[in-house]
Amino acid sequence: MTTNSIVETDVAIIGAGTAGMSAYRAALEHTPRVLLIESGVYGTTCARVGCMPSKLLIAAADAAHMMAIAPQFGVSASGVNVDGRAVMARVRSERDRFVGFVVDTVEHWPAEHRMLGHARFIDQHTLQVGDTQVRAQRIVIATGSRPAVPEAWRQALGERLIINDDVFDWQDLPRSVAVVGTGVIGLELAQALHRLGVRVRLYGRSERVGPLTDPELQALSLEVFTHELPLSVNLAHIEPRREGDRVIVRTSNRAGDVHEEAFDWLLAATGRTPNVDQLGLENTGMPRDARGIPIHDRHTAQVAGLPIFVAGDVNEDRPLLHEAADEGRIAGGNAGLYPDARLRPRRAPLAVVFSEPQIALAGASHAELRSAGIDFEVGRVSFSDQGRSRVMGRNQGALHVYGEVGTGRFLGAEMLGPAAEHLGHLLAWSVQRGDTVQQMLDSPFYHPVVEEGLRTALRQLQTALRLPRPSDEECLDCGPKF
Ligand SMILES: Cc1cc2nc3c(=O)[nH]c(=O)nc-3n(C[C@H](O)[C@H](O)[C@H](O)COP(=O)(O)OP(=O)(O)OC[C@H]3O[C@@H](n4cnc5c(N)ncnc54)[C@H](O)[C@@H]3O)c2cc1C
Ligand SMILES: NC(=O)c1ccc[n+]([C@@H]2O[C@H](COP(=O)([O-])OP(=O)(O)OC[C@H]3O[C@@H](n4cnc5c(N)ncnc54)[C@H](O)[C@@H]3O)[C@@H](O)[C@H]2O)c1
């Protein structure tokens, strides 16, 4: 690569996604010499092909679903008509609006702070970007991730294999889609398309549908989604092939039963790969893990003693929007402050899946508690008979809350059920504050609300924890006397 120009800067940030933009703002608080480098287009994964367009598609699906189930309330219109072109027109135009705000923001930043091109490390302080060499005192890696698609499928299916990015550019809804991968993206998109009248089948290698780790809730999740969606899980082989314009998905289960079904498209939702492979990281001598991700401290974002920082989905640690923004803030701030580095606190974990019923994980997951060897008890509630959930016709799912034996500290929760996006917040906030189960029980609960289900689970947990009963002066909702 010939180098025609050299640019010198204090902080170079690779990637203008959510993490990179947040790092840019934080670094600017310490130095005006900041350079944000982007190899693709401005607008971020979240706004262009992630959080926002997926929720727009789900919003349309929710509308169709509400009309479809309205007769159970004694309300009906004359059938449900989904106009695929109108659905996709709204998805695209609202998505473009969100993207427009982000692009506007970046384009209003000074031109000398921005560079377009693919950045690659030459050494710890130097990046090659096209024919420009960027010499930076400190560098933030915020390169995000991309869909991981089995190469054999790409070869076999050509353009009939699609990823989430493609869905949000559709002009119309297709007739049929095979969705492979029962993780978050697969579940959200498969259910939305199904509710919009697309013939969908969701394929999975295991019996796990969504990110829940509690075995009882995993089983419930499989049961609930099997009830609504055509699902083929626990498959030993998934072998798609192309016949003309059709995709034939041939599967065999562990018992050897073979099934074939034809679709217009195969949507691969088979996880994501961190963008570390084309960065020349081998030229820096930085420590990396088996996946090639720079080993760094999640409270400073710094790679062991080096002037290099990591933020966002590229690190595979909680690949979520709010975490990418936080990590960008930490990485950019510390890149600005280098050689000082501040240890920054991290928020309690919170993840939400916008399926119906929704899924939420707050604080420590069941699997994390088990692997850490923590002594904990579980409180449970089913939403099938929960008052408000039944009123709304959304009485599906269950909530499990976890509390520490001995201290009564609330540790975390997993749930599948109504209003999980809101309950998840309450629960994560309690974990972050260090609330005890008793403190949560002493908080107000309105009537009739879904949160009353949470109270039932907390009461059960408090009983299971067998803690000494507080005096009547100290509590409103006290556990039993042992
Ligand atoms: C379908 C889908 C739905 C989602 N829904 C949600 C949701 O509802 N809620 C939620 O919290 N999260 C959601 N997420 C996750 C969320 O979108 C990500 O956590 C977030 O966008 C990550 O931001 P980032 O800055 O790390 O990466 P990105 O926004 O991807 O930014 C990385 C940037 O780096 C650039 N880049 C890469 N390599 C180079 C290089 N060598 N040189 C220069 N530039 C480079 C890329 O072009 C890109 O612009 C969803 C993701 C997907 C895919
Ligand atoms: N609501 C949200 O917040 C939201 C929505 C979408 C995505 N996200 C974020 O994006 C991340 C990535 O989501 P994702 O769905 O791509 O990943 P994921 O890890 O959640 O799911 C990938 C799934 O694909 C399966 N899989 C992998 N290879 C396969 C193969 N060859 N055949 C069949 N199945 C295969 C895996 O077993 C897994 O079930 C999530 O972890 C989440 O952090 C968040």
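Atoms within each ligand, like the ligands themselves, are counted from 1 in listed order.
- A 4.5 Å side-chain heavy-atom check between Phe98 and Leu56 finds at least one atom pair inside the cut-off.
- His366 and Tyr402 have their aromatic ring centers within a separation under 6.0 angstrom.
- The single protein non-hydrogen atom nearest to atom 26 (O) of ligand 1 is Asp313 N, 2.8 Å, given as residue, atom name and distance.
- Every atom of ligand 1 is numbered from 1 in the order shown, and the set under 4.0 Å from a heavy atom of Pro319 is 15 (C), 19 (O).
- With respect to Glu316 and Arg272, no salt bridge is recorded, no charged nitrogen being found less than 4.0 Å from a carboxylate O.
- Checking side-chain atoms of His125 against main-chain N and O of Gln137 turns up a donor-acceptor pair under 3.5 Å.
- Against a heavy-atom cut-off of under 4.0 Å, Gly117 is close to the following atoms of ligand 1: 42 (N), 43 (C).
- The protein non-hydrogen atom at the shortest distance from atom 14 (N) of ligand 1 is Cys51 SG, 3.9 Å.
- Counting heavy atoms under 4.0 Å from ligand 1, residue Ser54 touches it through the side chain alone.
- Every N/O-N/O distance between Val353 and ligand 2 stays at or above 3.5 Å.
- For ligand 2, the polar-atom distance check against Gly186 finds no nitrogen or oxygen pair separated by under 3.5 Å.
- Only the side chain of Lys55 comes within 4.0 Å of ligand 1, counting heavy atoms alone; its backbone N, CA, C and O stay farther away.
- The part of Ile185 lying near ligand 1 is the side chain, judged by heavy-atom distances below 4.0 Å.
- The shortest contact between atom 21 (O) of ligand 2 and any protein heavy atom is with Gly183 CA, 3.2 Å.
- Of the protein's heavy atoms, Leu321 N, 2.9 Å lies nearest to atom 11 (O) of ligand 1.
- For ligand 2 and Phe354, the ligand atoms under 4.0 Å from any heavy atom of the residue are 1 (N).
- His113 places none of its side-chain heavy atoms less than 4.5 Å from the side chain of Leu35.
- In this structure, the protein non-hydrogen atom closest to atom 48 (C) of ligand 1 is Glu38 OE1, 3.5 Å.
- Contact record, Gly305 with Tyr338: O-OH, 3.7 Å, taken as the closest heavy-atom pair.
- Residue-level proximity to ligand 1 for Arg272 is carried by the side chain, the only part with a heavy atom below 4.0 angstrom.
- When Gly210, Gly181, Pro211, Ser206 are checked for heavy-atom proximity to atom 25 (C) of ligand 2, Gly181 turns out nearest.
- Counting heavy atoms under 4.0 Å from ligand 1, residue Ala142 touches it through the backbone alone.
- Atom 42 (N) of ligand 1 has its closest protein heavy atom at Ala119 N, 3.0 Å.
- No donor-acceptor pair under 3.5 Å is formed between the side chain of Arg95 and the backbone N or O of Ala47.
- Here Leu189 has no heavy atoms under 4.0 Å from ligand 1, in either its backbone or its side chain.
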Step-by-step salt bridge (charged side-chain N to carboxylate O under 4.0 Å, His left out) determination, Arg120 to Glu282: CA-CA 10 Å; Arg120 192 180 158 80; Glu282 61 284 1; 3.3 Å; yes
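- Atoms of ligand 2 found under 4.0 Å from any heavy atom of Arg272 (numbered from 1 in listed order, with element): 12 (C), 16 (O).
- Within the 4.5 Å cutoff, no side-chain heavy atoms of Leu57 are placed close to those of Phe354.
- At the shortest separation from atom 7 (C) of ligand 2 among protein heavy atoms lies Ile185 CG1, 3.4 Å.
- In terms of heavy-atom proximity, Ala23 sits nearest to Ile13 at C-CD1, 3.7 Å.
- Remark: among candidates Cys46, Ala269, Gly204, the nearest residue to atom 23 (C) of ligand 2 is Ala269, based on non-hydrogen atoms.
- Taking every heavy atom of both residues into account, Pro240 and Leu266 meet most closely at CB-CD1, 3.7 Å.
- Atoms of ligand 1 lying under 4.0 Å from any heavy atom of Ile37, numbered from 1 in the order shown and given with element: 43 (C), 44 (N).
- In terms of protein heavy-atom proximity, atom 44 (N) of ligand 1 is closest to Ser39 N, 3.1 Å.
- Per-residue contacts place Gly40 under 4.0 angstrom from the following atoms of ligand 1 (heavy atoms of the residue considered): 47 (O).
- Ligand 1 has no atom lying under 4.0 Å from any heavy atom of Pro53.
- Taking a 4.0 Å cut-off on heavy atoms, Tyr42 fails to register as neighbouring ligand 1.
- With hydrogens left out, the protein atom closest to atom 20 (O) of ligand 2 is Val184 N, 3.2 Å, a heavy atom.
- Atoms of ligand 1 found under 4.0 Å from any heavy atom of Gly17, numbered from 1 in the order shown, are 25 (O), 28 (P), 29 (O), 31 (O), 33 (C).
- Near Thr45, the atoms of ligand 1 lying under 4.0 angstrom from a non-hydrogen atom of the residue are 21 (O), 28 (P), 29 (O), 30 (O).
- Side-chain contact between Tyr203 and Pro230 is absent, with no heavy-atom pair separated by less than 4.5 Å.
- Taking atom 22 (C) of ligand 2 as the reference point, the nearest protein heavy-atom neighbour is Gly271 N, 3.4 Å.
- Counting heavy atoms under 4.0 Å from ligand 2, residue Glu188 touches it through the side chain alone.
- Which parts of ligand 2 touch Val352 is read off a 4.0 Å heavy-atom cut-off, strictly below it: atoms 1 (N), 2 (C), 3 (O).
- Taking both residues in full, the closest heavy atoms of Arg246 and Ser176 are given as NH2-OG, 3.6 Å, listed atom of the first, atom of the second, then distance.
- Using a 4.0 Å cut-off between charged nitrogen and carboxylate oxygen, Arg195 and Glu188 do not count as a salt-bridge pair.
- At least one heavy atom of Trp153 sits less than 4.0 Å from an atom of ligand 2.
- Residues Phe263 and Arg199 share a closest heavy-atom pair of CE2-NH1, 3.6 Å.
- Taking every non-hydrogen atom of Leu279 and a distance limit under 4.0 Å, the qualifying atoms of ligand 1 come out as 41 (N).
- When heavy-atom distances to ligand 2 are checked against a 4.0 Å cut-off, Ile238 comes that close only through its side chain, counted from C-beta outward.
- Contacts with ligand 2 closer than 4.0 Å are made by side-chain heavy atoms of Val180 only, the backbone lying farther away.
- Nearest non-hydrogen protein atom to atom 26 (N) of ligand 2 is Arg205 NH2, 3.6 Å.
- Minimum heavy-atom separation, Leu426 to Glu451: CD1-CG, 3.8 Å.
- Looking only at protein heavy atoms, the nearest one to atom 42 (C) of ligand 2 is Pro319 O, 3.7 Å.
- Near Ala19, the atoms of ligand 1 lying under 4.0 angstrom from a non-hydrogen atom of the residue are 25 (O).
- Contact annotation for Asn164 and ligand 1: only side-chain heavy atoms (C-beta onward) come within less than 4.0 Å of the ligand.
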